[in-house]
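Reading through the structure tokens given below for one structure.
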Amino acid sequence: MKPRLRFAPSPSGYLHIGGARTALFNWLWARSQGGVFVLRVEDTDQERSSLDSVRAILDAFRWLGIDWDEGPEVGGPHAPYFQSERKAIYREHTERMISSGHAYRCYCTKEELDRQREELKARNPKAQFVYPGTCRNRTDQPDLPHVVRFKSPREGSTDFNDKVFGPITTPNSAQQDFVLVRTDGYPLYNLAATIDDHLMDISLVVRGRDHIGNTPQQVLIYRALGWEAPEFAHLPMMLSPKGEKLSKRHAAVSVDEYKERGYPPAAVLNYIVRFGWSSGDQEIFGLDELVKLFSWDHVNKSDGKFDEKKFADVAFEHLKRPELTSLPTYAKNVQPFLAQRGITSTDPDLLLAAIPGVRERARTYRDAASDLDFYFREPPEVDPKAREKLLSKEAAARMVELASALEGTKPWDAATLEAKARTWCEAQGVAIKDVAQPARVALTGRSASPPLFEVMAVLGEPRSLDRLRRAPALVPG
RNA sequence: GGCCCCAUCGUCUAGCGGUUAGGACAUCGGCCUCUCACGCCGGUAACGCGGGUUCGAUUCCCGCUGGGGUCGCCA
């Protein structure tokens, strides 16, 4: 049996990094097993849901490289995939539960209940309010606003076997008659998710550990409806560096933010998959590799804390390795960041030639764009501090001589240029260092850059000589 | 507070009864060097505590402690 997995975001904002991780585990298992990955939009809360959020979330998935077989835009045999369009389905099954005595209409108003809650709190601040069951055995059906509640068993326990955590038992005494359908007729999460997971034939529900507590409620609903529950796999949580629930107070939690920082998408996936999953000592994985290696055997149970530094390092690692970020991919992805700097038309050959020297020092695509900047401006922007410190009048004059010495070098490559420059320095009686640094300022406008002769090789002869010869014009004062 | 869950370096983790407890990030030294990096070499650093079980516990069991989640007409 090919597994059917799903991720069910509620479109009330951006794609959260924790949500991305949950989706990833679902996706990985579906892909590794030749199963199906479904995206379902849980937009039953009309107040908070928006189409903009749907779009933002889908875009984030596209950027990450997580595709879906059924869901928004692609449709599928279990459509519709927006819960707001499935109200009739929920109503039908709710009626069925009411008829069979598993659920009942409750006419207590929110105000009444809130008042009771307050009263209890006043009497005993530590006590937990539970719905007193006022309407539990009510037999009339007045035509008044009402919610629908589940008639929870009071005795016994509800168990399920979690793929990660093992058997979990919850006493039914901890359960109350939870609400299934709101006054406005919209189903609540537990009802809608249960019905959809069944109707969409989901075989394994993978979600965050924060959902472990409503799994028993869902199991109860499956039983009430006469259905067999799917398997469940709960994932340990990603917590803030302080160990609290991860929110934007502690870190960047929107996937978009990492895109804007210039992290490669595969690195984002790589970092978040390592929360709760490992494969021996390996730290860096490409997406294809992840699909091959993923298994539930190595998913662990303990929560993890988010670490920006490690994350940044994973991003860097992906950028450094050509087997993870190919040259064309690198060029394509750095382009938008160059554009942000006003560099909109780049000579593709120059870009491809320049990347190898930059990729081992740029930690993000954004940094890479900054490092690449000087290749595409004539003249390059000059850092005043670098000029001040490294470009004396004498040094600049020497640049002009250096240009002449290097003119006509064949082949114009880093090794030949370096050999020639070193010989020249020796003849002039100057240290290579005292030539290289001023030359760097003349060629790149900066005090730090890829190795000088590589820069010259990439830049080509005419541009390199031009820049060297313009050095005297850069001398401060 | 009730219920559920978790517990190896600061952080992510490997370990599935016998290991000098391994790797990665971070951190601290050093090397390389035309700058900045990359890279390389090395250091500091962990099995929460107490009972069992066992010839032997980081590993299995119990308790404690600590941490987290959840208790909505949110999802």
Side-chain angles (χ1 to χ4, degrees), chain A residues 8-10 12 42-45 47-49 106 108-110 113-114 117 124-130 145-149 162 165-166 168-171 173-176 178-190 192-193 207-216 234 236-237 239 241 243-245 271 274-284 297-298 300-314 316-317 320 357-363 371 386 390 418 421-422 425 431-441 444 446-453:
Chain A
S10 71
S12 55
E42 308 222 322
D43 57 348
T44 53
D45 188 338
E47 303 276 300
R48 303 189 214 188
S49 301
C106 169
C108 301
T109 64
K110 185 152 195 315
L113 260 19
D114 285 345
R117 217 184 301 266
N124 181 359
K126 274 187 268 184
Q128 173 62 39
F129 178 77
V130 293
H146 62 271
V147 299
V148 177
R149 285 182 186 272
D162 192 273
F165 286 93
I168 292 178
T169 298
T170 308
S173 55
Q175 234 42 275
Q176 60 173 314
F178 53 92
V179 176
L180 296 169
V181 182
R182 313 204 291 196
T183 308
D184 66 7
Y186 272 88
L188 251 18
Y189 168 71
N190 278 134
R207 58 191 6 171
R209 200 199 83 210
D210 47 338
H211 283 283
I212 229 165
N214 51 41
T215 306
H234 289 88
M237 300 190 69
L239 301 173
E244 303 162 308
K245 198 163 183 173
Y271 180 64
R274 290 284 290 99
F275 271 88
W277 177 82
S278 61
S279 180
D281 283 343
Q282 189 171 347
E283 296 283 346
I284 303 300
D297 303 344
H298 294 279
N300 62 217
K301 306 183 237 211
S302 46
D303 297 337
K305 294 177 189 158
F306 196 78
D307 181 3
E308 294 265 19
K309 284 196 169 144
K310 177 92 178 187
F311 196 170
D313 181 71
V314 172
F316 188 24
E317 213 56 55
K320 266 188 304 201
V358 157
R359 77 182 319 161
E360 67 191 30
R361 59 206 88 221
R363 308 186 72 86
D371 290 355
L390 300 167
E418 175 159 10
R422 283 185 187 275
C425 282
I432 183 79
K433 189 178 172 177
D434 297 324
V435 170
Q437 284 299 74
R440 190 182 316 283
V441 179
T444 73
R446 307 185 178 189
S447 56
S449 79
L452 196 64
F453 302 103

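Every chain is numbered from 1, with letters handed out A, B, ... down the list of sequences. Note that this is a predicted model, so its numbers are computed, not measured.
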Could you tell me which residues satisfy salt bridge (charged side-chain N to carboxylate O under 4.0 Å, His left out) with [X], sequence neighbours excluded, listed by chain and number?
{"X": "Arg209(A)", "value": "Asp303(A)"}
{"X": "Lys110(A)", "value": "Asp114(A)"}
{"X": "Asp184(A)", "value": "Arg182(A)"}
{"X": "Lys301(A)", "value": "none"}

With sequence neighbours excluded, what pairs up with Phe275(A) under the ring-ring contact (aromatic ring centres under 6.0 Å, His included) test?
Tyr271(A)

Output all residues satisfying ring-ring contact (aromatic ring centres under 6.0 Å, His included) with Tyr189(A), sequence neighbours left out; order by chain, then residue number.
His211(A)

Please give me the minimum heavy-atom distance between Phe453(A) and Glu418(A), naming the atom from each residue.
CD1-CB, 3.6 Å

Flag the pair Asp313(A) / Arg363(A) as yes when at least one side-chain heavy-atom distance between them is below 4.5 Å, and no otherwise.
yes

Sort me out a list of protein N/O and nucleotides 7-12 of chain B N/O pairs below 3.5 Å, or just none if empty.
{"from": "C12(B)", "atom 1": "OP1", "to": "Lys305(A)", "atom 2": "N", "distance (Å)": "2.8"}
{"from": "C12(B)", "atom 1": "O2'", "to": "Arg274(A)", "atom 2": "O", "distance (Å)": "3.2"}

Per-nt protein contacts along nucleotides 28-38 of chain B (heavy atom under 4.0 Å; B base, S backbone sugar-phosphate only, - none) come out as ------BBBBS

For nucleotides 46-50 of chain B, give me every protein contact, N/O to N/O, under 3.5 Å, one pair per line with atom names.
none

Extract from the structure each pairing of a protein N or O with an N or O of nucleotides 42-45 of chain B at less than 3.5 Å, listing the distance.
none

Scan nucleotides 57-62 of chain B against the protein and return all N/O pairs shorter than 3.5 Å with their distances rounded to 0.1 Å.
none

Cut-off 3.5 Å, no hydrogens considered: what does the side-chain donor-acceptor table look like for residues 431-439 of chain A, sequence neighbours left out?
{"from": "Gln437(A)", "atom 1": "OE1", "to": "Arg440(A)", "atom 2": "NE", "distance (Å)": "2.8"}
{"from": "Gln437(A)", "atom 1": "OE1", "to": "Arg440(A)", "atom 2": "NH2", "distance (Å)": "3.4"}

Partner nucleotide, any strand, of G48(B) [Watson-Crick/G-U, under 3.5 Å]
C64(B)

